[in-house]
Amino acid sequence: MQANLIDVDYVTEDEKAVIRLTLKKNRFKRFYDPSFEPYFYVDIGEENQGEVKQAARALEEFTAKDSEGKPVNVLRVDSEKKLLFGRERELLKVFCKHPTHVRMFRDKLGKFGVVYEADIPFARRYMINKRLRPFYKLDFDADDEKRIKKITGKKEDDVQLNTMAFDIETYNPQGMPRPSKDPVIMISYSTGEESGVLSFKENGTGFTEVLGSEEEMIKRFCELVKEKDVELLVGYNDAEFDLPYLRDRSTALKTDFTLGRDGKTGFSLRSRGLFKQARINGRLHVDVYPVVKFLALIGAVKSKRLTLEKVYEEFFGEKKEDVEKMRIWEYWENNKQRKTLAEYSLSDAEATKKIADEVLPLETELAKLVGAPLQEVCGATTGQLVEMLLMREAFAQGRVIPNKPSAEEAKKRSKNPVQGAYVKLPEAGIYDDIAVFDFRSLYPSIIISHNIDMDTLNCSCCSLEESHTAPSGHRFCSKKKGLIPSVLDELIQRRSKIKKELKKHDKDSEEYKKLFARSQALKIIANSFYGYLLYSRSRWYTRDGGESVTAYGRHYIKDTIKKAEGAGFKALYGDTDSCFLQLNGKTHEEAIAFLKSINKGLPEKMELELEGFYPRGVFVSKKTGKATGAKKKYALIGEDGRIKIRGFELVRRDWSKIAKETQRRVLEAILKEGSEEKAVSIVRDAIKLLKSGEAPLDDLVIYTQIRKKLNSYDIISPGVSAARKAVKAGTQVDAGAMVGYVITRKGNSISDKALVREMAGDYDADYYINNQVLPSVMKILKELGYSEEDLKTGGKQATLFGF
DNA sequence: TAATTCGCTAGACCGA
DNA sequence: TCGGTCTAGCGAA
C-alpha cells in the first residue's frame with residue numbers, strides 16, 4: 001500500500017502501547033504498528049563496562065510499583081553501543097510494556113547508573129527511529145486488521161488537506177461573554193471554495209443557514225465538519241476561546257459537542273508553554289494565532305498588534321471588515337445591524353482561511369524538516385524546533401540524546417550569561433556615501449568553521465596546534481565533526497541549493513512558493529542554533545561553545561573594521577555582523593575590491609557580503625548621558641530612494657502615531673529632499689494640530705503590553721495605570737494583553753492621566769507636544785542645529801551662531 | 001516552561 | 001522639587 005503520513009500517536013491494547021498512524025490515501029485512514037516498544041538507556045559508567053551483562057540481568061529482576069501499588073517489571077534488558085558525549089559506550093537498553101512505565105522506572109534506577117532518553121514521547125520516538133517525516137509517502141504492507149507488517153519505502157511528498165476555518169460570535173451584553181448564560185449567536189465557516197454562516201435568527205443574507213435554536217446550530221456545525229470530511233480544522237485563537245466556548249455552551253444546553261472522527265469526542269486541550277494546543281480525534285487542528293505570534297517573534301510578521309484584522313491587512317494589503325467587539329450584542333438585537341454582523345462573521349472565517357493558506361506552507365516545511373507532525377510544529381518555539389531536529393539527527397548518528405537539565409541547573413545557567421556581540425559607537429551626524437557590509441549567517445558559519453559543539457570541546461585527540469582555538473581561549477576538535485556543526489552545515493548547504501533553484505521558477509508558481517517556504521524554514525532553524533547553545537533548558541547547552549561563538553564574532557567584525565580603516569575607509573558604525581563604511585572619496589569598485597580581500601582571509605564557510613551602498617545616512621546622539629552617538633539607531637537612504645530605518649521611535653509600538661508619523665516625515669524630508677525647511681514646517685504643523693485640540697484620538701494612542709499580572713507591578717506605568725482603570729470599569733486584562741491608552745487632561749502624574757482608548761474623551765496637548773512629538777524629532781533636528789525653542793516659536797535662533 | 005545578548009528610553013520612585 | 005536609580009518594555013542583531 002501507499003499513503004501519506006499525517007500523524008502518529010498511540011493507543012493502549014491489553015496494557016500494551018500500540019503505535020497508531022494516521023495516513024492519507026484519498027481519505028484519512030488509521031493503521032497500527034504493535035511491533036514497536038518503548039525503551040530507554042542506562043549508563044553504568046566507564047569503569048563498569050565489564051559488567052554490562054550482569055547489570056542487565058539484575059535490572060530485569062527489578063520491580064517497581066505503579067500508582068495503584070501493583071508491581072511492574074521491565075520487559076527485558078539488552079545492551080547497545082552508542083556515542084555518549086562523543087565517546088563510545090555500551091549502555092543498557094531497557095524495554096518497557098508501556099510509555100508510562102518508562103517514566104515510572106526513570107526516577108528509580110539511580111543505583112544502576114545514569115538514565116538517558118527516558119523523556120522522549122513514544123510517538124516521537126517512533127518517528128525518529130523509523131526515520132519518518134510528516135507528509136512523506138510511505139510504501140508498506142499491512143494485514144486486514146490494519147496492522148503494519150513492514151514499511152518498505154518512503155519519499156518526500158506533499159498532501160492537500162481538506163481544510164476548514166471557523167469562527168464564532170457570542171452575545172455579550174456585559175462586555176465579556178459568559179459561557180454559562182450568553183449564547184453563541186453565529187458560527188461561520190470557510191473552506192476556501194465555500195463559506196457560510198450558521199445562526200438561529202434571520203439576518204437577510206443569502207449565505208446564512210437559519211436553524212431553530214442555538215443547540216441546533218451547534219449540532220449543525222458538528223455535522224458540517226463530518227459532512228465535509230474536514231481533515232484540518234483551523235481557527236484564530238480558537239484553542240483559547242471558540243472551542244472551549246462551544247464546549248461550555250454545549251454543556252449548558254445539555255447537548256453533545258462532537259468534532260471527532262469517532263463521532264463521540266469534542267476536543268482535548270493540552271497546555272503547551274504560553275498557550276494551549278487543541279487536539280481533535282482523527283483530524284488535524286491548527287490555531288493560527290500562535291503561529292502568527294511565532295512569525296512575529298522571528299520577524300516574519302511585522303504587525304505590532306496581532307488581531308485578525310491587523311494580520312489580514314498586513315498579508316493582503318487590504319482592510320478587513322470589522323465591528324466594535326463590545327457592541328456585538330447590539331448588532332444582534334437590531335434587525336438591520338444583524339446583517340452587518342453576519343457579514344463580519346463570514347469575513348472572519350474567510351480571513352482565517354486565507355491567513356492559514358499563507359502560513360501553512362512554512363509550517364509544513366518546518367514539520368518536514370524537524371520530522372514532527374504539523375500540529376506539533378504549529379506554535380512550537382524555535383527552541384523546541386531545534387531540539388526536535390537535533391534529537392532526530394543525534395539518533396541517526398548513533399549518539400545518545402543528552403538529558404534536559406534540572407530546574408536548579410537551568411536556573412544556574414541563566415544566571416551566568418556570556419558576553420555577547422560587539423557594537424561600535426557611532427558619532428552623531430549626517431554622512432554621505434556609505435557602504436554597508438555584513439557577514440552572511442555569521443554565527444552559523446562560525447559554528448561550522450570552528451566545529452563548535454559540546455562533544456568537540458577540549459577533545460583529547462587534537463594537539464593545541466591542531467585544534468581550533470577561539471579568542472576566548474576554548475579549544476575545539478579539528479578531526480571529528482560534532483553533531484551541531486554537521487547538522488548546521490547540512491542546513492546551510494541545502495538552503496544555498498534551494499536559493500539557486502528558486503531563480504529558475506516564476507515567483508507566482510506553486511513550486512516557487514514551496515521552495516521559498518523551505519528556504520525560510522531552513523533559515524529560521526539555522527539561525528536558532530546559537531541561541532539554543534546558550535538556552536538554559538537546552539539539552540545541548542554548551543556555555544563555552546556559545547562564548548566562543550561570540551568571541552569569534554567580535555574578532556571577525558573588529559578585524560574587518562580595522563582593515564577597512566587601514567584601507568582608507570572611515571568606519572562609522574558596526575553591530576554584531578555588520579560594518580558601515582564611509583567611502584571617503586573611494587569608488588564602489590574599490591569598496592568591492594576591499595570586500596574581496598577580506599573574503600580571501602576568511603574560512604571557507606564564512607563570507608562578508610555587500611549589503612548595499614547608501615548615498616546618505618543619519619546617526620543621532622543619545623538623549624541621556626554624555627553627548628555620544630546612539631547605538632542601534634540610524635536611518636539610511638538607498639540609491640533607489642528606499643529608506644532603511646532602525647531603532648527610531650517610529651519603529652516602536654510604544655509611541656503614538658502622531659509622534660511616529662512626524663518623525664518619519666522629518667527623516668524623509670532630510671534624507672530624500674535634503675530640506676530642513678520642510679522638516680521644520682512638518683513639526684510646526686503637528687504642534688499646531690495638537691494645540692488646536694483637533695488631533696484624532698486614534699493618532700494619540702500608545703500601545704504597550706501588560707506582561708505580568710496587573711497586581712504584581714512594583715512601578716505603576718501609564719500603561720498599567722490605564723489597564724487597572726479599565727479593569728475597574730469591567731474589562732478583562734490578562735498577562736500578555738496589549739493595552740492602547742491616551743494621555744488625557746485629568747490628573748497629576750502621567751499615569752493618572754492615562755486612560756484606555758475606549759474610555760478617553762480628550763487629550764493633553766502639552767504632553768503630546770513635549771513628550772512625544774518634540775523628543776522624537778529633536779534627535780534628528782539637533783544634528784542640523786535646531787533647538788526645541790526654535791520649533792515651538794520662530795526659526796533658527798541667533799544663539800546658534802554664537803560660536 | 002520553552003533561543004541569545006546589547007542597548008535605548010520613559011516615567012515612577014525615592015531620598016535629600 | 002530635583003536629580004539619581006530602578007523597572008519595564010521594546011527593538012537590533
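We name chains A, B, ... by the order of the sequence lines, and we start the count at 1 in each one.
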Whether K644(A) engages the ring of Y614(A) as a cation-pi pair (distance to the six-membered ring centre under 6.0 angstrom, angle to the ring normal within 45°) should be assessed.
no
Might you list the N or O atoms of the protein lying below 3.5 Å from N or O atoms in nucleotides 11-13 of chain C, with each pair's distance?
| from | atom 1 | to | atom 2 | distance (Å) |
| --- | --- | --- | --- | --- |
| dG11(C) | OP1 | V651(A) | O | 3.3 |
| dG11(C) | OP1 | R653(A) | N | 3.0 |
| dA12(C) | OP1 | G647(A) | N | 3.0 |
| dA12(C) | N3 | K632(A) | NZ | 3.3 |
| dA13(C) | OP1 | Y634(A) | OH | 2.6 |
| dA13(C) | OP2 | R646(A) | NH1 | 3.4 |
| dA13(C) | O3' | D577(A) | OD1 | 2.4 |
| dA13(C) | O3' | D577(A) | OD2 | 3.4 |

Determine whether the side chains of E547(A) and S472(A) contain a donor N or O and an acceptor N or O closer than 3.5 Å.
no
What is the nucleic acid contact for G531(A), judged by heavy atoms within less than 4.0 Å: base, sugar-phosphate only, or nothing?
base
Does dT1(B) have OP1 or OP2 sitting under 4.0 Å from an N or O in the side chain of R537(A)?
no
Output the rounded distance in Å from CE (M388(A)) to P (dA2(B)).
15 Å
Between the main-chain N or O of P402(A) and the side-chain N or O of R539(A), is there a donor-acceptor pair closer than 3.5 Å?
yes
Counting just side-chain N and O atoms, does Q419(A) come under 4.0 Å of either OP1 or OP2 of dT5(B)?
no
I need the NZ-C1' distance between K779(A) and dG7(B), as an integer number of Å.
14 Å
Should K631(A) be listed as having a side-chain N or O under 4.0 Å from OP1 or OP2 of dC8(B)?
no
To the nearest Å, give me how far apart CD1 (I702(A)) and P (dT9(B)) are.
17 Å
Less than 4.0 angstrom between a side-chain N/O of T381(A) and OP1 or OP2 of dA3(B), yes or no?
yes
Please classify the nucleic acid contact of V386(A) as base, sugar-phosphate, or nothing, using heavy-atom distances under 4.0 Å.
nothing
Check every strand shown and say whether Y767(A) touches a base, only sugar-phosphate, or nothing at a heavy-atom separation below 4.0 Å.
sugar-phosphate
Closest nucleotide of DNA chain C for M738(A) versus for I715(A): which of these residues is on the 5' side?
I715(A)
